Amino acid sequence: MLTRRAALGMSLAAFCASARAAPSLAPKPLVFSHRGASALRPEHTLAAYAKAMTDGADYIEPDLVPTKDGVLIARHESNIAGTTDVADRPEFAQRRRSMTIDGKKETGWFTTDFTLAELKTLRAKERLPEIRAHNTRYDGHFDVPTFEEVIDFVAAESAARGKIFGLIPEIKNSTHFHQLGFDPEAIFLRTLAAHEYTRQAPLEVQSFETGNLQTLGDKLRAINPQARVMLLMGGRDETPPDLLAAGQKTTFGDVMTPHGLKEVRRYADVIGPSNIDIIPRDANGAWGEPSTLIEDAHRAGLLVHSYTARPENYFLPLQLRNNQGPSARNPEGMIAEVKRYLDLGLDGFFTDDPALGRRAIDTAG
């Protein structure tokens, strides 16, 4: 194991190479910070990413959407009504409107109607104030970071801590943004190529769409040879947005079959299903019998990185909830949930609380 001083004294390339070369017959599953440590800080802020790195995350996740002037920023949705104070800004009141994204109508304020300079005047806020009231104390403290700012921040933390943190960005709503005249993949690739850190650190790129992943793979690996590609998976009855726009009827349920997974392996290295696709839940939220998805994916040569482990009763399967109420934190419940997935062979998972995710791995049988 390299010491922090030794790591800081060597190049990023050498440190990454030594980390990859470290012998491991049974590598531990990976902890992906879901929008940062979003159970403890407002999502997609530098504070949330910093907390995630402190708490043991292996990878940091920035979801990426473009601004009006073509800059990628870290937001889970183009609609920023729930994650910024835009609704309280009278100067932007007239920009509230409705828009259809991937077949669903939304009303609010959208990043593609704002320049980066305008978005930088906004302040982030907690997306789930009813469940995570403790996070509202940070409302107004942080701005909306660009993808480049996230890269620089993670690189700086890596240098300070002597640990290489991976990045696992998601390109959001690709078909929608292309319909508006943007090319998020081209911006994304230029950004990766422009930064030493993203040319060498662990990198895994996500999308719920198939077409952009099929065209990104070779281009990504030309920039960063260790880059992996992940197909995120929506509900089994949903159709990937790019296929939906093309009039096709293939659903994510079709993709989750053994045949579908073999087709995915032609262009992807990883699938990202929801936890309920690993163990379904009934109408009351109780676990049923596990599916064979992890086993089927492994047989097709795919890793499985699932979403999302959260520490509140509201999100846990019925069997693991305590009697403290829906919004109560239940760390032991989340740890038990993750351990069940790990027992099924899960290779990694997204979590809103990386410290608990790390505990689940470290205490797993």
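All values reported here derive from a predicted model rather than from experimental measurement.
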Qualifying ring-ring contact (aromatic ring centres under 6.0 Å, His included) pairs, either residue in residues 48-104, two or more places apart
F32-Y59, F92-F114

side-chain hydrogen bond (donor to acceptor under 3.5 Å, both in side chains) partners of K262, counting only residues at least two apart:
none

To check you understand the geometry: which heavy-atom pair defines the closest contact between V229 and L220, and what is its length?
CG2-CD1, 3.9 Å

How many angstroms lie between atom CG of D183 and atom CZ of F188, to the nearest 0.5 angstrom?
12.5 Å

Rounded to the nearest 0.5 angstrom, the CD-OG1 distance for E106 and T100 is 8.5 Å

Given I271, which of L232, V255, V304, D296 fulfils the side-chain contact (heavy atoms from CB on, under 4.5 Å) condition?
V304

Take I294 and I278 through the test side chain to side chain contact (heavy atoms under 4.5 Å, CB included) and record every step on the way to the result.
CA-CA 7 Å; I294 293 177; I278 297 173; 3.9 Å; yes

Please assess D85 against D139 for the test side chain to side chain contact (heavy atoms under 4.5 Å, CB included), listing each intermediate value before the final yes or no.
CA-CA 9 Å; D85 62 355; D139 287 357; over 6 Å; no

Count I, L, V, M, F, W, Y as connected when their side-chain heavy atoms are under 4.5 Å apart, and connections chain through other members. Are I187 and V71 then in the same cluster?
no

Heavy-atom distance under 4.5 Å between the side chains of E337 and P317, does that happen here?
yes

Should D58 and K28 count as side-chain neighbours, where that means a heavy-atom distance under 4.5 Å?
no

In the single-linkage hydrophobic clustering (I, L, V, M, F, W, Y; side-chain heavy atoms under 4.5 Å), do L30 and I168 co-cluster?
yes

Without swapping roles, check the side chain of T54 against the backbone of A50 for a donor-acceptor pair under 3.5 Å.
yes

Results of side chain to side chain contact (heavy atoms under 4.5 Å, CB included) for R340 - residues two or more places apart only:
I279, W287, P290

Over all heavy atoms of both residues, which pair between P42 and A48 is shortest? Give the atoms and the distance, please.
O-CB, 3.4 Å

If we count only N and O atoms by modelled type, under 3.5 Å, do the side chains of H305 and Q206 hold a donor and an acceptor together?
no

What are the two closest heavy atoms between L231 and L213, and how far apart are they?
CA-CD1, 3.6 Å

Classify the side-chain pair T67/T111 by whether it contains a donor and acceptor separated by less than 3.5 Å.
no

Check against side chain to side chain contact (heavy atoms under 4.5 Å, CB included), R358 and D55
CA-CA 8 Å; R358 178 59 56 200; D55 286 355; over 6 Å; no

Main-chain N/O of N330 paired with N313 side-chain donor or acceptor, under 3.5 Å
no

Do T84 side-chain atoms and A124 backbone N/O form a donor-acceptor pair below 3.5 Å?
no

May I ask you to decide if A39's main-chain N or O and H34's side chain share a donor-acceptor pair within less than 3.5 Å?
no

For T115 and D69, does a side-chain donor sit closer than 3.5 Å to a side-chain acceptor?
no

For the atom pair CG (L189) and OG1 (T198), what is the distance rounded to the nearest 0.5 Å?
10.5 Å

Do side-chain atoms of N79 reach the backbone of T107 as a donor and acceptor pair under 3.5 angstrom?
yes

Quick one: do L46 and L64 end up in the same hydrophobic cluster if we chain Ile, Leu, Val, Met, Phe, Trp and Tyr together by side-chain heavy atoms under 4.5 Å apart?
yes

CD1/I276 to OG/S306 distance, rounded to the nearest 0.5 angstrom?
11.5 Å

P241 and E209: which non-hydrogen atoms are nearest, and at how many Å?
CB-OE2, 3.6 Å

Let me confirm one number: the CG-CZ distance from L356 to R329, rounded to the nearest 0.5 Å.
5.5 Å

Side-chain heavy atoms under 4.5 angstrom apart, residues restricted to Ile, Leu, Val, Met, Phe, Trp, Tyr: same cluster for L243 and I101?
no

Decide, yes or no, whether a salt bridge links D143 with K120 under the criterion of side-chain N to carboxylate O below 4.0 Å.
yes

Please name the residue in the list R97, R96, K68 that meets the salt bridge (charged side-chain N to carboxylate O under 4.0 Å, His left out) test with D113.
R97

So that I can tick it off, tell me whether E332 and K339 are bridged by a salt bridge, with the cut-off set at under 4.0 angstrom between side-chain N and carboxylate O.
no

For P145 and R75, the nearest pair of non-hydrogen atoms, with its separation, is CD-NH2, 4.3 Å

Between D352 and R132, is there a salt bridge with N-O shorter than 4.0 Å?
yes

For a side chain to side chain contact (heavy atoms under 4.5 Å, CB included) check, start with the C-alpha distance between F182 and N173, then their side-chain angles and the critical distance, and finish with the verdict.
CA-CA 11 Å; F182 297 92; N173 309 115; over 6 Å; no

First locate atom CG of D254, then atom CD of E263, and finally report the distance between them rounded to the nearest 0.5 Å.
12.0 Å

Do the side-chain N and O atoms of D242 and T210 include a donor-acceptor pair separated by under 3.5 angstrom?
yes

Between V270 and D347, is there a side-chain heavy-atom distance shorter than 4.5 Å?
no

Partner set under side-chain hydrogen bond (donor to acceptor under 3.5 Å, both in side chains) for D277, not counting sequence neighbours
R236, S274

Check this for me: does any side-chain nitrogen of one of R221 and D269 sit under 4.0 Å from a carboxylate oxygen of the other?
yes

Electrostatic pair E118-R89, nearest N-O below 4.0 angstrom
no

Path from M53 to Y138 over hydrophobic side-chain contacts below 4.5 Å
no

Linking directly or through intermediates, with side-chain heavy atoms under 4.5 Å: list the remaining ILVMFWY members grouped with Y314, chain and number order.
L128, I131, F315

A286 backbone acceptor or donor facing Q319 side chain under 3.5 Å:
no

The criterion is salt bridge (Lys or Arg N to Asp or Glu O under 4.0 Å); which residues satisfy it with E170, sequence neighbours excluded?
K172

S38 and N135: which non-hydrogen atoms are nearest, and at how many Å?
O-ND2, 3.3 Å

Return yes if some donor-acceptor pair links the side-chain N/O of E312 with the main-chain N/O of S327 below 3.5 Å, else return no.
no

Do NZ/NE/NH1/NH2 and the carboxylate oxygens of E77 and K104 come within less than 4.0 Å?
no

Do the side-chain N and O atoms of E185 and S174 include a donor-acceptor pair separated by under 3.5 angstrom?
yes

If we ignore hydrogens and angles and just use 3.5 Å, is the side chain of R199 paired with the main-chain N or O of I223 as donor and acceptor?
no

Look at the side chain of R123 and the backbone N and O of H141, then say whether any donor-acceptor pair between them is shorter than 3.5 Å.
yes

I'd like to know if the side chain of R321 reaches the main chain of L316, judged simply by a donor and an acceptor atom lying under 3.5 Å from each other, with no hydrogens or angles considered.
yes

